[in-house]
Amino acid sequence: MSETRTRLVELLRNCVQCGLCLPHCATYLASGNEVLSPRGRLILLNEVLAGSEQAPESYLAAFDQCIGCRACESVCPSGVSYDLLAHGQHLAARRRDTAAGQRPVPAVPEPVLRRLDSVDFLRLVGGAGATARSLCRTTLGDGWRRRLAGGPKPVAQLSRLLGSLPTSPQRDADLVKLIDRLLAGAGTGTAPAARAAARAAEPIADRRPLQFFAGCANAGLLAGSSRRLVAVLTAAGFEVQFPADQDCCGALAAHTGRPGRAADLQRRNRGAFALADTAGAVPIVVEAAGCTLELQSYGREFAERVVDAVTLLAEAVRPALRPVPLKVALHDPCHARHGLGVVTAPRQLLSAIPGLTWCEATEQEVCCGSGGAWGLRYPEMSADLARRKAADLAATGADLVVTANPGCLGQIADGLALEAPGVPILPLTDLWWYAARLDKK
Amino acid sequence: MSGRPATGNKSGINGAAAALVDGLRAVLGPSGLMTDPAAALVYAHDASHLELGRPLAVALPATVAELRRVMSLCAAMRVPVVTRGSGTGLSGGAVPADGSVVLGTGRLQALGTVDRRRGRIQAAAGVLNERVSTVTRAAGFHFAPDPSSQSAATIGGNIATNAGGPHCLRHGVTLHHLGRLSWIDSQGVQHDTGHGTAGERGLDLRSLLCGSEGTLGVIVGAELELVPNPRALVTLLAFFPELDDATGAVVELLGEGLLPVAVEMVDQGMLRAVEEAFAFGFPTDVAVAMIVEFAGSEDAVDEDGRRAGALLDAAGAREVRRAEDAAERSALWLCRKKAFGAVGRLAPSYVTMDVVVPLGHLPGLVREIQVIKRRHGVEIATAFHAGDGNLHPGIHYDDRDPDASRRAHAAADEIIGAALARGGSSTGEHGVGIEKLHALPWQLDAVTARLHRDIKRACDPADLLNPGKAVPGAEARYADLKPVPPELTFQWDSLSVTAPAGCRLSAIQDAAMAHGLWLPLGVPGRGREPGLAHDPTVAELLDHLAVGPSLLGTGTPRDYLLESWAETGGGEVFHSGVPVFKNVAGYALHHMLCGSGGVFVRHLAATFQLRPRPEQVLLLRLSPGAGEPAVPDAFWQWLAARRGRLAAPQVIAAADGSLLLLVAGRDRPWDLGGVAGELTELLGPPAWRVKLLAAVPFATAATLLSSGELPAWSLGASDWTALAPLAGADFLPAAPLPTGFIRQGRPDRLWVPQQVPAAAGWQADPVISAGLVSGLPAPAPGVPRELLGRLKQIFDPHRQLPTPSWLAEVVSDE
């Protein structure tokens with residue numbers, strides 16, 4: 001028995017098969033099928049580890065459909081490690097081509113999937129997407145997504161791709177307009193007066209250096225939000241640096257079965273973020289929770305410098321905030337909540353904004369079904385999960401949803417367009433930017 | 001995880017099976033039917049670590065109509081069906097044998113809206129237990145049964161196993177929270193169990209199905225009775241250096257008349273496991289950590305918490321911590337809630353038991369478990385629902401060592417033996433399944449066991465529903481009949497009373513009241529005519545649930561019934577139940593037969609649970625001002641919010657338009673002192689005047705019957721009709737009620753002293769007619785009368801007992 005196998009067998013003995021993971025697993029909730037639950041997958045893995053034969057295709061299909069959200073690990077009373085399911089995914093990825101018969105047709109061809117970690121490619125996609133969306137809006141109105149969803153299958157599929165492409169206001173003025181409109185709609189009417197009442201932040205003398213990790217999806221699709229995050233960080237007293245030659249974190253490559261490319265990217269990023277002198281470790285701030293988690297796997301020394309933007313802001317100097325009397329629902333990206341254990345920081349930020357009430361959805365810990373490339377490889381289940389998540393968030397009665405990961409942003413936006421049109425979703429840092437009145441600077 | 005190696009699908013797929021699979025796929029589509037090796041392996045397991053074989057197929061119907069089709073296709077092909085919720089059961093109830101079809105209910109997710117008037121909600125079988133409480137929170141309710149698996153367990157599974165949980169001490173188990181059940185029989189035909197109103201007379205199929213582990217029918221939906229959320233909670237955590245002191249303290253605590261919502265304990269083995277796993281900082285040098293939780297109004301729980309704290313201190317606790325807010329409370333609960341997961345870290349395998357004994361025997365059983373543990377050289381860590389006398393000893397062993405496995409299972413059987421010797425049961429919560437099938441004959445007499453098999457055959461003649469589970473075979477050696485008790489006896493330590501059929505309620509209450517307890521079925525006078533003053537016999541209560549209205553009664557005999565003795569029409573005597581309220585060993589024949597009108601059996605004796613009695617009762621008169629119209633809804637809402645107290649308030653509407661209100665509670669400012677003031681504020685002069693007529697100690701509440709304050713018709717009348725609200729009913733029927741009536745809070749109904757027809761949205765039962773109990777009414781539409789006929793045939797084959805005409809029509813003559 002190999003060393004890995006012995007270790008996994010030992011880890012698996014912690015599982016008491018209680019099944020308490022079931023209602024937290026997105027693929028189980030979407031399917032009602034225990035094969036697609038954490039316990040089901042572990043029962044299959046147990047057999048795979050005990051046997052010498054190759055795992056049947058139906059086992060691999062079950063492993064492959066795991067989104068990797070780690071919600072099961074968070075709730076497991078026995079502390080069963082996610083490493084087990086990761087091993088299952090690894091087995092499935094190795095035989096992805098042979099087990100193709102068990103899988104649905106992906107929403108985009110595999111070669112396109114593999115290019116999603118290129119900023120240039122994403123910029124192109126983002127630009128095309130924006131044009132297509134505005135075309136749809138002009139011809140079909142604001143309810144274009146709903147109308148197209150009811151159309152012939154290829155049209156519906158295309159509109160799903162378009163609807164779930166992550167986006168946020170490119171121009172600051174558009175963001176301000178969007179939130180102002182929500183405030184007016186919320187009928188509180190306090191926004192303009194409150195704006196006048198808020199006081200300016202004091203100038204900061206000692207700025208702390210900070211390296212900014214751009215991330216391909218953020219840089220390619222959500223450039224406006226990234227720019228505003230930098231402004232927010234600057235206002236919080238950081239001197240934001242942009243190491244050249246940085247690249248994708250490698251998460252996508254790792255999850256699409258290309259360990260070679262993942263290693264390459266890691267090498268490149270290590271070089272880009274290397275420190276010139278030993279005058280103290282400069283933190284690396286990361287916008288997307290998914291990237292944060294991947295960067296933390298680069299080894300201890302690197303991991304210790306990596307910090308998630310929301311956590312950093314929660315701990316940083318608070319700017320003067322204007323009231324934003326809206327009801328806001330928060331969606332925790334799984335990478336943040338389950339992967340990094342970031343739960344209180346975003347709530348601290350929301351609590352700090354005067355007049356804002358925030359609420360928890362009932363399925364707060366459940367994955368939205370984006371999962372990076374997963375959503376494109378399992379388009380039907382992903383679409384079901386988008387709607388389920390959006391309905392759950394909308395049921396709180398929120399005026400606005402916020403999150404902290406590009407994949408979740410697009411996925412939930414698409415779900416909301418179908419389940420609760422009129423309820424927008426924004427990056428949490430965009431809302432923070434607005435509350436900090438940085439449009440006035 | 002300690003699974004056994006796969007055996008593969010031994011049965012193979014022959015022609016007939018292939019045809020069934022094709023048929024099922026046509027109904028369910030590809031995502032609703034699975035036959036691949038992954039599905040067969042996964043669904044061969046549940047939380048019990050027991051295995052029988054590999055299913056032929058897994059069917060996941062998305063609608064009840066699909067489920068019916070699945071059942072009828074399987075019935076036509078004679079393929080066994082194993083119903084499954086989330087597979088969180090611990091007795092192997094949901095694991096399939098080779099070649100059977102697993103019928104998953106997880107996709108049946110419909111959940112209705114709260115019926116605030118009746119405190120009920122309609123839920124499909126696949127709805128998760130915790131979701132019910134989450135969804136009803138905003139309306140101020142929750143679903144009381146809370147098994148540790150509640151986040152994942154389904155309502156259908158809860159009903160099939162009559163699930164319990166830590167908070168059942170005050171509110172009871174699943175059976176106590178069910179209205180109407182909707183179910184599918186072994187042929188795929190859908191039925192109801194009745195109107196589902198509390199206090200409904202008839203053979204209670206709901207009690208039969210609840211806890212039957214999928215062997216009699218498939219539950220597809222239920223009306224659930226919700227419990228109002230308490231205004232406040234106080235939680236105590238006490239550490240005891242001595243095990244005996246802790247168990248003794250539990251007995252004392254409940255004997256004091258305190259009624260916590262939960263009394264939980266973990267022993268040292270469990271505490272250490274929790275600490276090793278999570279390092280919460282709980283002491284591990286004590287024998288027991290105990291949690292006591294009170295729910296109610298702020299002042300009441302504060303006082304209860306103080307009294308209980310002092311009592312625990314005096315009983316030998318080293319330290320008593322008290323939580324005031326939600327955060328502190330959940331910190332105290334951690335050591336109990338994390339116990340289940342922590343055991344996974346103790347050893348590769350374990351047997352989780354769930355024996356239960358009458359409370360008074362808890363200390364003795366716990367001592368004997370220590371002896372058994374040493375004798376077999378096994379490690380045992382125990383979590384207790386101590387207030388219920390329910391224990392979860394977890395015996396830990398390494399399944400790679402055959403001798404350790406043997407010793408663990410031998411110790412488990414001895415623990416069951418020790419519980420049975422103390423009048424307890426082998427299973428309080430988890431069910432028989434396949435795990436305890438061998439032990440069931442140790443606690444059932446041969447006649448009861450035969451009735452089990454006959455009932456199974458009547459419901460499922462081809463033995464297709466979860467075969468080989470829950471019901472032992474004819475060949476087993478059964479226990480002797482538990483002797484029929486000849487006289488009234490009280491088990492004060494265990495808070496129960498055993499009474500022969502001829503015993504009158506007054507005899508029970510007189511003795512119980514003196515001990516600070518009562519059987520909450522009313523305070524009788526000595527009258528012989530049905531009415532508030534009537535003194536019913538135990539037989540009358542068992543046969544008819546209620547013979548007219550009662551003074552301050554709360555609930556029905558079924559709510560407090562623990563065990564009963566009866567004889568069949570043919571004169572065979574049998575016994576069902578055990579003197580504890582958490583018991584899921586075998587079918588609940590005693591609950592099913594309670595209220596069956598003397599048509600199926602002659603009741604001989606019964607044991608009931610006693611409850612702390614209220615301390616005081618107030619009688620108030622509410623008089624309307626001139627020209628004042630009907631009683632405002634706000635008043636009825638005020639009453640509804642007080643359901644489920646020690647005694648539900650009761651209203652007597654007099655012919656002159658005034659109302660008499662009886663409210664029982666503690667003689668303390670927060671509980672009763674404020675009532676008159678609250679009502680004055682609510683109804684307000686000049687519209688209504690509120691006057692306190694009397695305040696008497698509860699133990700002498702019967703004196704109100706002769707005080708002259710109550711109208712004569714309420715004390716005794718020759719006709720009584722019970723009106724029970726159905727879904728969507730208002731506080732009172734739309735059609736005006738004649739003269740006077742009595743409104744009881746629990747069961748929720750109106751007693752009218754004459755024959756009245758059913759009003760829209762109300763069920764009418766003319767319980768008393770010309771001074772006598774009227775014949776058992778025909779069951780509600782949707783109840784399978786043919787099944788009732790078959791059950792009549794089983795219990796009274798030669799029709800020596802009364803047979804209503806509607807039943808005679810469906811009993812086959814042999």
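Proteins come first, then strands; the chains are lettered A, B, ... in the order of their sequence lines, and each starts at number 1.
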Of the backbone (N, CA, C, O) and the side chain (C-beta and beyond), which part of B:Thr134 lies under 4.5 Å from a heavy atom of chain A, both, or neither? side chain

Atom group of A:Leu22 that falls short of 4.5 Å from chain B, counting heavy atoms: side chain

For B:Ser148, is it the side chain, the backbone, both or neither that has a heavy atom under 4.5 Å from a heavy atom of chain A? backbone

Determine whether the side chains of A:Asp392 and A:Thr362 contain a donor N or O and an acceptor N or O closer than 3.5 Å. yes

Relative to chain B, which segment of A:Glu363 carries a heavy atom at a distance below 4.5 Å: side chain, backbone, both, or neither? neither

If you tally heavy-atom pairs under 4.5 Å between each of B:Leu128, B:Leu60, B:Thr88 and chain A, the highest tally belongs to B:Leu60

Taking atom CZ as the centre, does A:Arg70 end up with more than 12 heavy-atom neighbours from other residues, nucleotides or ligands that are less than 6.0 angstrom away? yes

Given the options B:Gly89, B:Ala38, B:Gly32, B:Ser31, which has more heavy-atom pairs under 4.5 Å with chain A than any of the others? B:Ala38

Does the A:Lys389 side chain pair with the main chain of A:His331, one donor and one acceptor, at a distance under 3.5 Å? no

Closest heavy-atom pair, A:Glu419 versus A:Ala391, reported as atoms and distance to 0.1 Å, is OE1-CB, 3.9 Å

Option in A:Ala55, A:Ser78, A:Gly32, A:Ala62 with maximal non-hydrogen atom pairs under 4.5 Å from chain B: A:Ser78

For each of A:Pro56, A:Ser31, A:Gly79, tally heavy-atom pairs with chain B at distances under 4.5 Å, and name the one with the top tally. A:Ser31

Determine whether the side chains of A:His338 and A:Ser74 contain a donor N or O and an acceptor N or O closer than 3.5 Å. yes

Given B:Ala39, B:Ala153, B:Ser86, B:Gly106, the one with more heavy-atom pairs under 4.5 angstrom with chain A than any other is B:Ser86

Lys/Arg N to Asp/Glu carboxylate O, A:Glu34 vs B:Arg84, below 4.0 Å: yes

Would you call the rings of A:Trp374 and A:Tyr378 parallel, tilted or perpendicular, taking 30° and 60° as the class edges? tilted

